[in-house]
Amino acid sequence: MTDQLVKPLPISGFPEWVPEVRLVEQHWIDAIRRKFERYGFCSIETPSVEALEVLMAKGETSKEVYTLRRLQADADDDSDARLGLHFDLTVPFARYVAGHLNDLVFPFKRYQIQRVWRGERPQEGRFREFTQCDIDVINPEQVSLQFDAELPRIVHEIMTELDLPAWSLYLNNRKILQGFYEGLGIADPIEAIRIADKMDKIGADGVGELLSTQLGLSQEQVSACLDLARINGGDSSIVDAIGRLGVKSDLLSEGLDELAFVLDSLSDLPEGSVRADMSIARGLDYYTGTVYEAKFLDWPSYGSICAGGRYENLAGSFTKRSLPGVGISIGLTRIFAKLLAEGLLTTGASCPTDVLVVLPSEQRRGDATATAAELRGRGLNVELYHQADKVGKQIRYASRKGIPYVWFPPFDDGKPHEVKDLGSGEQVVADPATWQRD
RNA sequence: GUGGGUAUAGCUCAGUUGGCAGAGCGCCUGGUUGUGGUCCAGGAGGUCGCCGGUUCAAGUCCGGUUAUCCACCCCA
């Protein structure tokens, strides 16, 4: 027992915002949601926890999963022990689809905006709790390649609407990488892909070094890999460039066809917003075709602000039906936090209130309450100042919260209502039944 | 998990070779009568992260511990 104060420290990696910042974040979420719905994606929400075996179904991410346990659980009670907080929205989505096969209409297009948790060391742009905005399309047997192009288009429209600093969406296709590496006779293409993905981090020399020391590749193989990784461009002409490297495999040409299709489909987007880049691989091993990764141009090492790709059978662990899909995720928290840190967010009011109704005196409370109610009835967000403080203090309250208008009910019988515009300082006679804000 | 930095007021930080705890911003009050922002005056607010050691004396030096930040790993 103690009556000492607990320091109200924020928890590292678990961001929270002051009201005026949160208001901006809510507007972002609204904009993202509207755009997802504009393309016909429907919303689902899955529980924050999944069975550990679901979370572990793909990849070995066990170390970053937070597990659930009651503080006072009996020693022999492990009923919750098999639950973990989800670390992304794709795996829960796959489980959801597999579990609701009979209730869903396919191709199933869903969006999901939820928090996820990862037990990693927090850093700039790296959080332990953050919000992802996912869209995925999933369909039995096959998903049209059109979706591979539609998803980046949606993301492009959202990022444009949010007016983000310069960014680019990088595109690749796992089939190209895997086919190319197999065509080179590399035994472990998956591991080679993983190493190649570090290109922007450790550079071509570093990647070459790892490829030769860890995978034992020959000098020719290494230089071929690096030649491939160096190829990038905004249109399908890069397909020819890759072809000129002289490696042949069926998988490779399949990947090249797909990539060319996606690039051609997006050719109307502004120059540079979508680029193919052979050094992009994505760490997650369930991607099998198109992969996406977006970054800020000014802060390339900040990490990806958006990522996704195509997977042939993500739900394979949950059902025998073949359920390929393609999806993309916007890293809302990562993007938002960066803009906040760079001072690039324009914040306004800290509350949604349009009008503060002044309480002139305790005797006038009835009038003031009625005035507030009338304004609310006309669709305005209105709060009544509940203490008969000095008028200056009441105005100051409105001013500090960013409330644009202060309403003065009559201070004496027979006097008119007045409304003050805090932006201009102007104060005019007004009728609560007809007043319109500018 | 590995390596390095930091820890002083609500926030951002100063604090000399060890000698009584500071600034800016923010907050509260006042500058008469029914009006915010600017300006002026006043005020509140700190076991100097925590535990131990050296010393007449520790925010300052030493050891430990915790938190935090950065890099690695990995990723939105």
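These figures come from a predicted structure and were not determined experimentally. A note on names: the letters A, B, ... follow the listed sequences, proteins ahead of strands, and every chain is numbered from 1.
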Minimum-distance nucleotide to [X] side chain [options: [options]]:
X	options	value
Q123(A)	C70(B), U35(B), G36(B)	C70(B)
V391(A)	G36(B), G34(B), C74(B)	G34(B)
E418(A)	A76(B), U29(B), U35(B)	U35(B)
F127(A)	G34(B), A76(B), U29(B)	A76(B)
R400(A)	C69(B), C27(B), G36(B)	C27(B)

Sugar-phosphate, base or nothing in reach of [X], heavy atoms under 4.0 Å:
X	value
C306(A)	sugar-phosphate
K295(A)	nothing
G392(A)	sugar-phosphate
I305(A)	sugar-phosphate

Cation-pi between R110(A) and F93(A): NZ/CZ under 6.0 Å from ring centre and within 45° of the ring axis?
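Yes; both conditions hold, so R110(A) lies above the ring face of F93(A).
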Decide whether a cation-pi geometry holds between K338(A) and Y302(A); the criteria are a distance under 6.0 Å from NZ or CZ to the six-membered ring centre and an angle within 45° of the ring axis.
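Satisfied, under 6.0 Å and within 45°.
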Between [X] and [Y], what is the ring plane arrangement, given parallel below 30°, perpendicular above 60°, and tilted in between?
X	Y	answer
W435(A)	Y405(A)	perpendicular
Y286(A)	Y311(A)	perpendicular
F408(A)	F411(A)	tilted
F336(A)	W28(A)	perpendicular

Using a cut-off of less than 4.0 Å, is there contact between a side-chain N or O of [X] and OP1 or OP2 of [N]?
X	N	value
R396(A)	C28(B)	yes
K393(A)	U29(B)	yes
S12(A)	C69(B)	yes

Which pairs count as salt bridge (Lys or Arg N to Asp or Glu O under 4.0 Å) when at least one residue sits in residues 145-157 of chain A, sequence neighbours excluded?
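For residues 145-157 of chain A: K35(A)-E157(A), D148(A)-R310(A), R153(A)-D268(A).
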No-H, no-angle donor-acceptor pair, Q427(A) side chain to U35(B) base, under 3.5 Å
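Donor-acceptor pair under 3.5 Å: yes.
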Can you see which heavy atom on L55(A) is nearest to which on G84(A), and at what distance?
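Result for this residue pair: CD1-O, 3.5 Å.
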Give me the distances for all protein-to-nucleotides 2-10 of chain B N/O pairs that come in under 3.5 Å?
none

Do D227(A) and R230(A) sit within salt-bridge range, that is, some charged N less than 4.0 Å from a carboxylate O?
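Salt bridge present between D227(A) and R230(A).
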Pairs counted only when both distances fall under 3.5 Å, Watson-Crick or G-U: show me the 5' to 3' dot-bracket for RNA chain B, [ ] for pseudoknotted crossings and | for other-strand partners.
(((((((..((((.....[..)))).(((((.......))))).....(((((..]....))))))))))))....
Give a yes/no verdict on base stacking between G34(B) and F408(A): centres under 5.5 Å, planes within less than 30° of parallel.
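By the stated criterion, F408(A) and G34(B) do not stack.
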If you assign I11(A) and S304(A) each to the RNA chain B nucleotide with the nearest heavy atom, which residue ends up on the more 5' nucleotide?
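Looking at the nearest nucleotide for each, I11(A) comes out on the 5' side.
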